[in-house]
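This report refers to the structure that appears directly beneath it.
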Number of protein chains: 2
Amino acid sequence: MAVNKKMEFAADDLALAEFARTLSHPARVAILKTLAEKQTCICGEIVDVLPLAQATVSQHLKELKTAGLISGEVEGVRSCYCIDWASIEAMTARMEAFLAALKALKPDSTCC
Amino acid sequence: MAVNKKMEFAADDLALAEFARTLSHPARVAILKTLAEKQTCICGEIVDVLPLAQATVSQHLKELKTAGLISGEVEGVRSCYCIDWASIEAMTARMEAFLAALKALKPDSTCC
DNA sequence: CTGTTTCATCGTATATTTGCGATATAATTA
DNA sequence: TAATTATATCGCAAATATACGATGAAACAG
């Protein structure tokens with residue numbers, strides 16, 4: 001794009017879009033699921049679960065971390081990642097507020 | 001990317017990611033909000049609300065339509081768009097199921 | 001019929017995302 | 001110390017996404 005217009009949108013819309021963007025790749029969705037399942041915060045086990053190379057998985061993990069949805073700690077040779085539940089809670093609230101606000105405006109009759 | 005690996009993920013994860021992708025741009029979030037607010041399905045009024053050119057808005061509308069979240073009808077010279085509530089409902093359910101499933105696995109103690 | 005309005009689509013430029021091999025780094029093991 | 005293991009990061013290639021001017025098409029007004 002010639003110019004990035006994203007700054008000109010409402011902060012709320014931007015925040016929701018940011019969260020949505022983080023979930024917009026199935027690998028990241030799968031990573032979150034995997035991290036939640038294995039209570040014990042795993043590391044490269046994630047690589048085994050996904051059909052992607054290690055470097056690519058590491059990149060997706062970084063994105064999730066940057067978005068604040070997960071946190072990571074170095075544990076000797078391995079890295080231990082886990083879900084940041086407070087962040088998930090906050091983002092869930094934002095998403096649900098958006099969807100609820102939409103539905104609150106749903107008209108009785110369909111117009112088209 | 002050399003190859004598109006998206007096909008190799010679970011259908012559920014793909015569907016959620018697709019929905020998230022549609023919401024991953026603030027313009028599309030704003031369009032949905034606007035369509036919900038103005039009960040009367042507007043057309044190019046959306047262009048006036050957004051800081052984007054007509055061609056760009058039209059493109060975002062097309063994406064929302066392709067995703068099934070809105071439907072559009074030609075009304076003489078103008079186009080009338082409106083939210084596809086059934087689709088919004090379905091996607092909401094999917095998103096909430098995902099987030100609920102995650103939270104159901106939240107451990108009592110934080111591990112890292 | 002001609003000009004206008006409203007919107008979709010095409011073509012293009014640029015930015016971002018995705019993916020991976022190669023390589024660097026750091027702890028671990030032999 | 002040297003080889004091994006687990007990850008992160010770099011650099012590149014290819015795919016997508018974003019944005020918009022220009023142009024096309026269809027309805028409408030005069």
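Chain letters run A, B, ... following the sequence lines, proteins first, then strands; residues in each count from 1. The shown structure was predicted, so the numbers you read here are calculated from the model rather than taken from an experiment.
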If only side-chain N and O atoms of [X] are considered, is one of them under 4.0 Å from the OP1 or OP2 phosphate oxygen of [N]?
X	N	answer
B:H60	D:dA19	yes
B:N4	D:dT16	yes
B:K6	C:dG19	no

For residues A:F9 and B:A27, report the shortest heavy-atom separation together with the two atoms involved. CE2-CA, 3.5 Å
Using every non-hydrogen atom in the two residues, find where B:D12 and B:R94 come nearest and quote the distance to one decimal. OD1-NH1, 3.2 Å
Polar atom pairs (N or O), protein with nucleotides 1-4 of chain C, under 3.5 Å:
none

Rounded to whole angstroms, how far apart are [atom1] on [X] and [atom2] on [N]?
X	N	atom1	atom2	value
A:L52	C:dG19	CG	C1'	8 Å
A:E75	C:dT28	CD	C1'	14 Å
B:I46	C:dC7	CD1	P	9 Å
B:E63	D:dT18	CD	C1'	9 Å
A:M7	D:dT18	CE	P	14 Å
A:K5	C:dA15	NZ	P	15 Å

Answer yes or no: is there a donor N or O on one side and an acceptor on the other, between the side chain of A:T22 and the main chain of A:A67, under 3.5 Å? no
For B:D13, what residues pass the side chain to side chain donor-acceptor pair (under 3.5 Å) criterion, not counting sequence neighbours? A:K33
Contacts to DNA chain D from residues 9-23 of chain B, heavy-atom cutoff under 4.0 Å, which residues? B:R21
Selection: residues 24-32 of chain A, any non-hydrogen atom under 4.0 Å of DNA chain D: none
Which pairs pass side chain to side chain donor-acceptor pair (under 3.5 Å) with one or both residues in residues 45-57 of chain B, sequence neighbours excluded? none
From B:I31 atom CD1 to B:L35 atom CG, the distance as rounded to the nearest 0.5 Å: 7.5 Å
Within the 4.5 Å heavy-atom criterion, are A:L23 and A:L32 side-chain neighbours or not? yes
Is the shortest side-chain heavy-atom distance between A:P26 and B:K6 below 4.5 Å? yes
With A:E18 via salt bridge (charged side-chain N to carboxylate O under 4.0 Å, His left out) - residues at least two apart: A:R21
Not counting sequence neighbours, list each pair that qualifies as a ring pair (Phe, Tyr, Trp, His ring centres under 6.0 Å) and has a residue in residues 27-62 of chain A. A:H25-A:H60
With B:E75 as partner, the option from B:C43, B:C41, B:C80 fulfilling side-chain contact (heavy atoms from CB on, under 4.5 Å) is B:C80
Restricting to side chain to side chain contact (heavy atoms under 4.5 Å, CB included), what partner residues turn up for A:K65, sequence neighbours left out? A:I70, A:Y81
By side chain to side chain contact (heavy atoms under 4.5 Å, CB included) - contacts of B:A36 (at least two apart): A:L102, A:L105, B:I83, B:W85
Any N/O pairs under 3.5 Å between the protein and nucleotides 7-11 of chain D? List them or say none.
unit_1 : atom_1 : unit_2 : atom_2 : d
D:dT7  : OP1    : A:G44  : N      : 3.1
D:dT7  : OP2    : A:G44  : N      : 3.3
D:dT7  : O3'    : A:S79  : OG     : 3.2
D:dA8  : OP1    : A:S79  : OG     : 3.1
D:dA8  : OP1    : A:Y81  : OH     : 2.5
D:dA8  : OP2    : A:S58  : OG     : 3.0
D:dA8  : N7     : A:Q54  : NE2    : 2.7
D:dA8  : N6     : A:Q54  : OE1    : 3.2

Nearest-nucleotide comparison on DNA chain D, the residue closer to the 5′ end among B:P51 and B:V74: B:P51
Per the salt bridge (charged side-chain N to carboxylate O under 4.0 Å, His left out) rule, what does the pair list look like for residues 78-91 of chain A, sequence neighbours excluded? A:E89-B:K103
